[in-house]
Every structure is written in C-alpha cells, then in structure tokens.
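Keep in mind that what you see is a predicted model, and the values were worked out from it rather than measured.
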Amino acid sequence: FFDQGIRPPCTQATTVTATTASTVRQDATARDIWEMVQNDLLLHTHTHACYRGLIFLYLFQPSRCTSAFYLEVLPKWMESWCNIDRCPEFDFLWLVLFCRARKYVTPKQYDWGPLRRRLLTQCQ
C-alpha cells in the first residue's frame, strides 16, 4: 500500500523498451482500493459496509495521486458523501479525503462550489 500509486511495468521480456515503459499503471493502488470499496460507498448506504468502506478508503488511499485520478473520483466521492446527512464522523472522514485531493486538483480543474455549500450548510 505504500507505493504511492505507481507500480513498475510487468513484462515478460528482460529488456526495457519504449512500449514496455508506457505500460506503467498510474495510481494503481488508489484505483484498486477505490474499486474495492466503490459499491459499498455508493450502493450500500446506511449499512455497516458503507462505513467500513469509507474507513478503509480513509486509512489506505494514497494521498499522492495524479490529478486525473482525483478528477475521475471526486464526483463519485461527492455523491457518496451526499447520501448520508448529519453524521459528523462520516463528514470528517470525507473532508480529510477531499483535503488530500485539493492538493492535486486546482480550482480551474474542478468546481469546489458544491462541496463548499454542503460544508457550510449541512455539516455539524
């Protein structure tokens, strides 16, 4: 879990060529973790699976990911966060994840307005 999302390419050949160097899967760990918990966070709301998935994401999601990864998952994260209202623990964990993403996504790349409105109006 500590590879920060970059894994060396898996090739059968012993020599590195331009084609094998481009097979590096960026954000591999982050994508694997998100795929593992995505259904629980988006579909199993108000269950223990949802909270377990969020805690797993909070603990093991690498913070250093590409902006492309964050731009892909931020709308899904926002949807999952909006599924449960008025739960301070749930809000805290999501805010930590959004703060991690904020370091790599600029305001020009993503509209942070909905997050700001939810934070100011519904969080306790």
Item checked: Among Leu57, Leu42, Leu41, Leu54, the one residue meeting side chain to side chain contact (heavy atoms under 4.5 Å, CB included) with Trp77 -> Leu57

From [X] [atom1] over to [Y] [atom2], what is the distance, rounded to the nearest 0.5 angstrom?
| X | Y | atom1 | atom2 | answer |
| --- | --- | --- | --- | --- |
| Asn83 | Cys50 | CG | SG | 7.5 Å |
| Arg31 | Gln61 | CZ | CD | 10.0 Å |
| Trp94 | Glu89 | CH2 | CD | 15.5 Å |
| Tyr110 | Leu115 | OH | CG | 7.0 Å |
| Tyr70 | Gln109 | OH | CD | 12.5 Å |
| Gln122 | Ile84 | CD | CD1 | 13.0 Å |

Next item on the list: Identify whether the distance between the nearest side-chain nitrogen and carboxylate oxygen of Arg118 and Asp85 falls below 4.0 Å.
Entry: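 Yes, charged N to carboxylate O under 4.0 Å.
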
Would you check if the side chain of [X] reaches a backbone N or O of [Y] as a donor-acceptor pair within less than 3.5 Å?
| X | Y | value |
| --- | --- | --- |
| Asp40 | Arg52 | no |
| Thr121 | Arg117 | yes |
| Glu35 | Asp32 | no |
| Arg100 | Arg64 | no |

Tell me the closest heavy-atom pair linking [X] and [Y], and the distance in Å.
| X | Y | answer |
| --- | --- | --- |
| Tyr104 | Ser67 | O-CB, 3.1 Å |
| Cys65 | Pro62 | SG-O, 3.3 Å |
| Ala49 | His44 | CB-CB, 4.4 Å |

Checklist line | Those residues that, when tested against Tyr51, pass ring pair (Phe, Tyr, Trp, His ring centres under 6.0 Å) (two or more places apart) | finding: Phe90

Check: What do the steps show when you test Arg116 against Leu119 for side-chain contact (heavy atoms from CB on, under 4.5 Å), and what is the final call?
Finding: CA-CA 5 Å; Arg116 200 171 30 247; Leu119 177 64; 5.6 Å; no

Next item on the list: For the residue pair Trp81 and Asp91, confirm or rule out a side-chain donor-acceptor distance under 3.5 Å.
Entry: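 Yes - a donor-acceptor pair under 3.5 Å links their side chains.
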
Next item on the list: Hey, can you tell me if Tyr58 and Phe92 have their rings parallel, tilted or perpendicular (30° and 60° cut-offs)?
Entry: tilted

Next item on the list: State, with a plain yes or no, whether a side-chain heavy atom of Leu74 is found less than 4.5 Å away from one of Phe98.
Entry: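 The answer is yes; the side chains approach within 4.5 Å.
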
Check: Between Gln26 and Phe69, is a side-chain contact (heavy atoms from CB on, under 4.5 Å) present by the stated rule, with each step listed?
Finding: CA-CA 9 Å; Gln26 290 190 344; Phe69 171 77; over 6 Å; no

Check: What do you reckon, is NE2 of His48 surrounded by more than 12 foreign heavy atoms closer than 6.0 Å?
Finding: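 Result for NE2/His48: open.
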
Checklist line | Results of side chain to side chain contact (heavy atoms under 4.5 Å, CB included) for Arg102 - residues two or more places apart only | finding: Trp112

